[in-house]
Amino acid sequence: IKFLEKLSEALNKNDKNSFGTRNALDLLLLYPILLVTSLMNCPKQALFLLSGIPRFLKAVHLLGLKTDLTLVHREIHFKNVLVNDREVSLFDFQYMVLSHNILDISTTYRFESEDRKFEEELRKLIDRYLSRNSYSKEILEGLIVFSITHALTEKSFSNRKRQQLVNLLRKTFFQNT
């Protein structure tokens, strides 16, 4: 994420204009479409999908108060990362936009949280990120709701994959209760 921030700082205004954006208003306008599509794909999960609305709205409100857009990858997961002795390489940049870097944290959480081996490390990484940046846990939770809702628009997912995503949504809702 730091690399993408540095790259973003080096871009001039014309370069930045060549990227799409995902600011709070963009997310707010996109969410109802994603929600309706997810409800059509997963009607049995309507309760959990609908219960995400207040968390998302709170997050998007808080996110709207921030203006620090930077390049975000939007699909950071272990299949898009290559690690060797001295460096880390990131692949698959076709979804890159200007947005809030916490968007990468929420999508990485969605992609990697189903792997129990990395769950504790991922949680530590998120806690460290939140302690070092000006984003709140409420923003992260709302963006996780957005990310999972977005993922559930995919018709080709198996019932097992859909259930994993809904379980992640439950976990997001009840991890502090």
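Since the structure is predicted, the reported quantities are computational estimates derived from the model, not experimental observations. Throughout, residue positions are numbered sequentially from 1 according to the sequence presented.
A 4.5 Å side-chain heavy-atom check between Val166 and Leu152 finds at least one atom pair inside the cut-off. Residues Ile126 and Lys137 form no side-chain contact, since every pair of their non-hydrogen atoms from C-beta on lies 4.5 Å or further apart. Using a 4.5 Å heavy-atom cutoff, the side chains of Gln45 and Arg170 are in contact. In this structure the side chain of Val60 never reaches within 4.5 angstrom of the side chain of Tyr31, judged on heavy atoms. Contact check for Asn133 versus Ile105: no side-chain heavy atoms found under the 4.5 Å cut-off. Glu154 is not listed as a side-chain neighbour of Lys161, based on a closest heavy-atom distance of 4.5 Å or more.
Both Leu30 and Phe56 belong to a single network of hydrophobic side chains, linked directly or stepwise wherever heavy atoms of I, L, V, M, F, W or Y lie under 4.5 Å apart. Each of Leu49 and Met40 belongs to its own hydrophobic cluster when Ile, Leu, Val, Met, Phe, Trp and Tyr are linked at side-chain heavy-atom distances under 4.5 angstrom.
To the nearest 0.5 Å, the span separating OG on Ser134 from CG on Leu62 amounts to 11.0 Å. Note that CD1 of Ile144 is 11.5 Å distant from OG1 of Thr149, once rounded to the nearest 0.5 Å. Note that the CD1 atom of Ile102 and the CG atom of Leu143 stand 6.0 Å from one another [nearest 0.5 Å].
Closest of all the heavy-atom pairs between Ile148 and Leu169 is CD1-N, 3.7 Å. Closest approach of Asn12 to Asp15, counting heavy atoms only: OD1-N, 2.7 Å. Lys66 and His100 make their closest contact through O-CE1, 3.4 Å (heavy atoms, listed as atom of the first residue, atom of the second, distance). Taking each heavy atom of Ala59 and Gly142 in turn, the nearest pair found is CB-CA, 3.5 Å.
Ring pair Tyr135/Tyr129 is parallel by interplanar angle, where below 30° counts as parallel and above 60° as perpendicular.
The side-chain contact (heavy atoms from CB on, under 4.5 Å) test with Thr153 is passed by exactly one of Ile33, Thr37, Leu39, Leu35: Thr37.
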